[in-house]
Novice: 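Starting off with a structure, shown below.
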Protein chains: 2
Amino acid sequence: MSRANLDKRKILETAGALANESSIKKLNLKQLAQKLNIQPPSLYNHVQSLDHLRFDLMVYGWEQVGERIAEALIGISGDDAIRRACEVFYDYAEENPGIFEAMAYYNRDSKKPDGAPDRLTDILFRLCRARDIAEQDAVHILRIFRSYIEGFALLAHYGAFPRDGSARESFNFGVDFLIAGVHQLEEKK
Amino acid sequence: MSRANLDKRKILETAGALANESSIKKLNLKQLAQKLNIQPPSLYNHVQSLDHLRFDLMVYGWEQVGERIAEALIGISGDDAIRRACEVFYDYAEENPGIFEAMAYYNRDSKKPDGAPDRLTDILFRLCRARDIAEQDAVHILRIFRSYIEGFALLAHYGAFPRDGSARESFNFGVDFLIAGVHQLEEKK
DNA sequence: TGACAAAACTAATTTGATTAGTTATTATAT
DNA sequence: ATATAATAACTAATCAAATTAGTTTTGTCA
């Protein structure tokens, strides 16, 4: 029999890889078990259900993105920080299409484990506070940024834009758009 | 036996209603057949597969939205037209969460039937052309608007924002943001 | 009215998730 | 070291749902 020495991490990594190779909806336990060299039912020692696994993958994705952004922002501030954060998110979505799908599809109202609240949100919030923006406006801005970024990544993922690099240009263009809006709010004060 | 007098339309309407009641991923042939008073296998006289049905529902949704927007824009122009178009889309997504999910999840690169290209895109494009915006910039703007609108609707759908009406405020706020950006582009010329 | 196509049916197959029940492995505590 | 408990694997069985096969009914139209 010989144990496979699995932990949640390894399972999520493997499931994530599988999801990235095909898609979140094609992710299945048979394949996953195969990749891990165990039988499908054995997965239930680690995972509640397939659906729950997809959910876990969503949480995992947000954690990863949060880490990457936090790391990328060291030593950067102001507009550059916003640009960089957006860029890192976009890169992550592009590199991990399956995980990104999970992030886009699964309810985020259902709370994530306490350790990892929405780090991305948190970071963007701080960037707003570092400026002179009313709390109320910051909430709006945050929602707008998140919507734009995730929406763009989703459309790009599903091939709504040509894959000739012009999409990336549009994306940055839009980020600057929004940043300009942020500046306008500052001036208003 | 007695025929049920079904057509694609009726099936899509019923499937759409079911999807709206639960979600696109919970949509299933058993329930659908039940609602239509036929046996599940009989559905295959009208539909290629469950997955294809979801895809059809996506196309159906875009058609509906296109119609509604076209209708809503009669006699309106300029910024108001943009605002109205965005509003109508948002309303549709809110009223038809299941169909909207299909619209958000399914590949749009796979072409839609010739009769109904992306009408929404088409309309927004014309709104740009009515202004003095370079073709190239219009492409960017379009992508940005689409990303924002769909992204926002998606996040709202999954409960990322509180349901107290403030989300709607944020949405409109963002639309004005983007419209301001459009104006900036005009001035640049 | 008779034949053909469409649309329904029932029965069977397939696939994949999940559950039940069992056994081997590892860790822990005497 | 060894007994015991917990964990993680296994096989076999169940269940649900989509799909396929093969048949019958119904409506249309020559």
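Just so we're on the same page: letters track the sequence lines, and every chain starts at 1. Note that the coordinates shown come from a computational prediction; the quantities given were computed from them, not determined experimentally.
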Novice: As a test of reading the structure: which of C:dA11, D:dA9, C:dT18 is closest to the side chain of A:L50, going by heavy atoms?
Specialist: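 Shortest atom-to-atom distance from the side chain points to C:dT18.
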Novice: Starting at CD of A:Q39 and ending at C1' of C:dG21, how long is that distance when rounded to a whole Å?
Specialist: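 Computing the A:Q39:CD to C:dG21:C1' distance gives 16 Å.
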Novice: Nearest whole angstrom, please: distance from the P of C:dA8 to the CG of B:D7.
Specialist: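 So the two atoms are 11 Å apart, to the nearest Å.
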Novice: Considering only side-chain heavy atoms of B:P40, which listed nucleotide, C:dA8, C:dT18, D:dT19, is closest?
Specialist: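 When the side chain of B:P40 is considered, D:dT19 is the closest of C:dA8, C:dT18, D:dT19.
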Novice: Calculate the interatomic distance between A:Y44 atom OH and D:dT14 atom C1'; express it in whole Å.
Specialist: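 Roughly 13 Å, once rounded to whole Å.
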Novice: Measure CG/A:N37 against C1'/D:dA8 and give the value in whole Å, please.
Specialist: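 In whole Å, D:dA8 C1' and A:N37 CG are 15 Å from each other.
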Novice: Determine whether the aromatic ring centres of residues A:Y148 and A:F171 are separated by less than 6.0 angstrom.
Specialist: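 Between A:F171 and A:Y148, the centre distance is under 6.0 Å.
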Novice: From C-beta outward on B:K30, which listed nucleotide comes closest to its side chain: D:dA17, C:dT19, D:dT19?
Specialist: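 Given the options D:dA17, C:dT19, D:dT19, the side chain of B:K30 is closest to D:dA17.
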Novice: Among the candidates C:dC9, C:dG16, C:dT19, find the nucleotide nearest to the side-chain atoms of A:N28.
Specialist: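 Side chain of A:N28 sits closest to C:dG16.
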Novice: Verify the contact: side-chain N or O of A:H46 to OP1 or OP2 of D:dT7, cut-off strictly under 4.0 Å; return yes or no.
Specialist: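 For D:dT7, OP1/OP2 do not have a side-chain N/O of A:H46 under 4.0 Å.
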Novice: Please report the distance, rounded to the nearest Å, between CG in A:L32 and C1' in C:dA17.
Specialist: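 So the two atoms are 13 Å apart, to the nearest Å.
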Novice: Taking C-beta and beyond as the side chain, do A:I11 and A:D56 meet within less than 4.5 Å on heavy atoms?
Specialist: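 Heavy-atom side-chain distance check fails, nothing below 4.5 Å.
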Novice: Quickly work out the A:I11 CD1 to D:dA9 C1' distance and round it to whole Å.
Specialist: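 These atoms are roughly 12 Å apart.
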Novice: Between the side chains of A:D51 and A:S49, does any donor sit under 3.5 Å from an acceptor?
Specialist: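 No - no donor-acceptor pair under 3.5 Å links their side chains.
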Novice: For residues A:R143 and B:S166, determine if any side-chain heavy atom of one lies less than 4.5 Å from a side-chain heavy atom of the other.
Specialist: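 In short, these two side chains touch, coming nearer than 4.5 Å.
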Novice: For B:L178 and B:F145, which heavy atoms make the closest approach, and how far apart are they?
Specialist: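 Heavy atoms of B:L178 and B:F145 come nearest at CB-CZ, 3.6 Å.
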Novice: Quick one: is A:S42 getting a side-chain N or O under 4.0 Å of the D:dC10 phosphate, OP1 or OP2?
Specialist: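 Checking D:dC10 against A:S42, a side-chain N or O does come within under 4.0 Å of OP1 or OP2.
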Novice: Taking CD1 from B:I38 and P from C:dC9, how many angstroms apart are they, rounded to a whole number?
Specialist: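 That distance rounds to 6 Å.
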Novice: Could you state the atom-to-atom distance from CG of A:D51 to P of D:dA16 in whole Å?
Specialist: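 Rounding to the nearest Å, CG of A:D51 and P of D:dA16 are 17 Å apart.
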Novice: Establish whether the base of D:dA9 is bridged to the side chain of A:N45 by a donor-acceptor pair shorter than 3.5 Å.
Specialist: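 Looking at the base of D:dA9, it does pair with a donor or acceptor on the side chain of A:N45 (distance under 3.5 Å).
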